[in-house]
Amino acid sequence: MENIEYGTIIDGLDEIEIENTSVDEIDSENINLIFLGIDQSGSMYSYNDDMKHALLEFKDALIHSEEADEILVARANFSSDIEIGGYKKIEEFYAGFTSRGSTAMYDAITKGTEKLKTYREFLKTEGMRVKSVFAVFSDGEDNDSKSSFRDAKKAIEFLNSEEITTAFISFGGKAVQTAKDLGFRNLLDVSSSASELRKAFNCLSKSVIESSKSVLADEDDFFQI
């Protein structure tokens with residue numbers, strides 16, 4: 001079990017800029033950080049091609065939005081292991097997809113929260129105005145994390161307390177109750193089909209764009225577009 005505290009100390013500034021987009025490469029003082037956790041467990045195998053298409057459409061929609069220069073996206077893949085990328089411009093977003101293993105969702109949430117907080121605080125110290133969205137896509141419940149449910153819930157509570165938009169896409173309904181219990185404020189529940197998958201990521205891209213246009217964070221109406 002991990003015991004993660006979300007303090008305010010920032011160290012390793014050079015490392016932060018190497019992992020994420022450096023300040024010199026950012027073209028706006030208004031930044032929208034988007035964390036996207038994607039379930040790549042074996043249960044998603046039959047949707048591999050559909051996920052690739054959905055992610056490409058998500059990327060394309062953000063690239064062609066007027067807010068593209070203000071959006072930085074970090075993709076976190078989780079299955080038996082987790083892999084969290086840095087916050088990069090949407091042109092650098094990886095739209096591939098492979099599925100295998102089990103579901104370490106809690107680990108992705110706790111580690112993703114830590115990484116979002118660190119970069120967010122760094123950008124603020126550089127004088128930037130930062131809004132954030134923490135979104136997770138999953139078709140099932142956690143079954144392989146070192147972090148506990150309590151750890152993940154604590155992370156979501158922290159995000160909510162910081163007025164960071166928390167959003168969850170449940171694909172097939174199995175993860176709905178878990179998302180509610182963890183405290184995600186925005187929940188999109190779609191059924192298991194290729195058309196519903198495309199609908200979910202279309203809704204996500206539109207929600208990200210609309211959220212980027214507003215000054216205030218979306219608390220409970222992120223998916224209401």
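Computed from heavy atoms alone, side chains included, the values below leave out hydrogens, waters and symmetry copies. Computed from a predicted model, the values in this text were never measured in an experiment.
- Not counting sequence neighbours, Lys199 has no partner by the side chain to side chain donor-acceptor pair (under 3.5 Å) test.
- Not one N or O on the side chain of Arg75 forms a donor-acceptor pair closer than 3.5 Å with the backbone of Gly37.
- Counting only heavy atoms from C-beta outward, the side chains of Ser65 and Ile63 never approach each other to under 4.5 Å.
- Contact of the Ile82 side chain with the Met105 side chain is not registered, since no non-hydrogen atoms from C-beta on lie closer than 4.5 Å.
- Annotation: ring pair (Phe, Tyr, Trp, His ring centres under 6.0 Å) contacts of Tyr47 (sequence neighbours excluded): Phe171.
- Annotation: ring pair (Phe, Tyr, Trp, His ring centres under 6.0 Å) contacts of Phe134 (sequence neighbours excluded): Phe35.
- Screening residues 43-66 for salt bridge (Lys or Arg N to Asp or Glu O under 4.0 Å), with sequence neighbours left out, gives Glu57-Arg198.
- The backbone N or O of Thr103 lies less than 3.5 Å from no partner atom in the side chain of Asp144, so there is not a single donor-acceptor pair.
- In this structure the side chain of Cys203 reaches within 4.5 angstrom of the side chain of Leu188, judged on heavy atoms.
- Atoms CG and CD1, from Leu116 and Ile164 in turn, are 4.5 Å apart once rounded to the nearest 0.5 Å.
- One N or O on the side chain of Tyr119 and one on the backbone of Thr21 form a donor-acceptor pair closer than 3.5 Å.
- Formation of a donor-acceptor pair under 3.5 Å by the Gln40 side chain with backbone atoms of Thr98 is found in this model.
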Side-chain donor-acceptor pairs of residues 22-30 under 3.5 Å, sequence neighbours excluded:
residue, atom, partner, partner atom, Å
Ser22, OG, Glu25, OE2, 3.4
Ser28, OG, Asn30, N, 3.0
Ser28, OG, Asn30, O, 3.2
Asn30, OD1, Arg129, NE, 2.7
Asn30, OD1, Arg129, NH2, 3.1

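- How far CG of Leu33 is from NZ of Lys117: 12.5 Å, rounded to the nearest 0.5 Å.
- Not one N or O on the side chain of Ser211 forms a donor-acceptor pair closer than 3.5 Å with the backbone of Ser207.
- Using modelled atom types, one finds no donor on one side chain facing an acceptor on the other under 3.5 Å when comparing Thr110 with Asp151.
- Not counting sequence neighbours, the partners of Ala61 by the side-chain contact (heavy atoms from CB on, under 4.5 Å) test are Ser205.
- Of the possible donor and acceptor atoms, none in the side chain of Asp39 sits under 3.5 Å from a partner among the backbone N and O of Phe137.
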(request) Would you check, one step at a time, whether the test side-chain hydrogen bond (donor to acceptor under 3.5 Å, both in side chains) holds for Ser145 with Ser147? (result) CA-CA 5 Å; Ser145 284; Ser147 303; 5.8 Å; no
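- Remark: Glu19 pairs with Glu15, Lys115 by the side-chain contact (heavy atoms from CB on, under 4.5 Å) rule, at least two apart or across chains.
- Counting only N and O atoms by type, the side chains of Ser193 and Ser195 include a donor and acceptor under 3.5 Å apart.
- The residues Lys213 and Glu210 are annotated as salt-bridged, a charged nitrogen and a carboxylate oxygen being separated by less than 4.0 angstrom.
- Taking hydrophobic clusters as Ile, Leu, Val, Met, Phe, Trp and Tyr residues chained together by side-chain heavy-atom distances below 4.5 Å, Val130 shares a cluster with Leu159.
- A heavy-atom distance below 4.5 Å is not found between the side chains of Asn32 and Val133.
- Residues in residues 80-90 take part in these side-chain hydrogen bond (donor to acceptor under 3.5 Å, both in side chains) pairs, two or more places apart or across chains: Ser80-Ser102.
- Of the inter-residue distances, the one linking Leu197 atom CG with Ile169 atom CD1 reads 8.5 Å to the nearest 0.5 angstrom.
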(message) Ser214 vs Lys131, test: side-chain hydrogen bond (donor to acceptor under 3.5 Å, both in side chains). Steps then yes/no.
(response) CA-CA 9 Å; Ser214 64; Lys131 283 182 57 183; 2.9 Å; yes
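- At least one side-chain heavy atom of Ile109 sits less than 4.5 Å from a side-chain heavy atom of Ile156.
- Qualifying ring pair (Phe, Tyr, Trp, His ring centres under 6.0 Å) partners for Phe168, counting only residues two or more places apart in sequence or in other chains: Phe184.
- In this structure a side-chain-to-backbone donor-acceptor pair under 3.5 Å is present from Asp142 to Tyr106.
- Legend: ring pair (Phe, Tyr, Trp, His ring centres under 6.0 Å) pairs involving residues 55-86, not counting sequence neighbours, sorted by first then second residue: Phe58-Phe93.
- For residues 171-190, no residue pair satisfies the salt bridge (Lys or Arg N to Asp or Glu O under 4.0 Å) rule, not counting sequence neighbours.
- Under the salt bridge (charged side-chain N to carboxylate O under 4.0 Å, His left out) criterion, Arg120 pairs with Glu162, not counting sequence neighbours.
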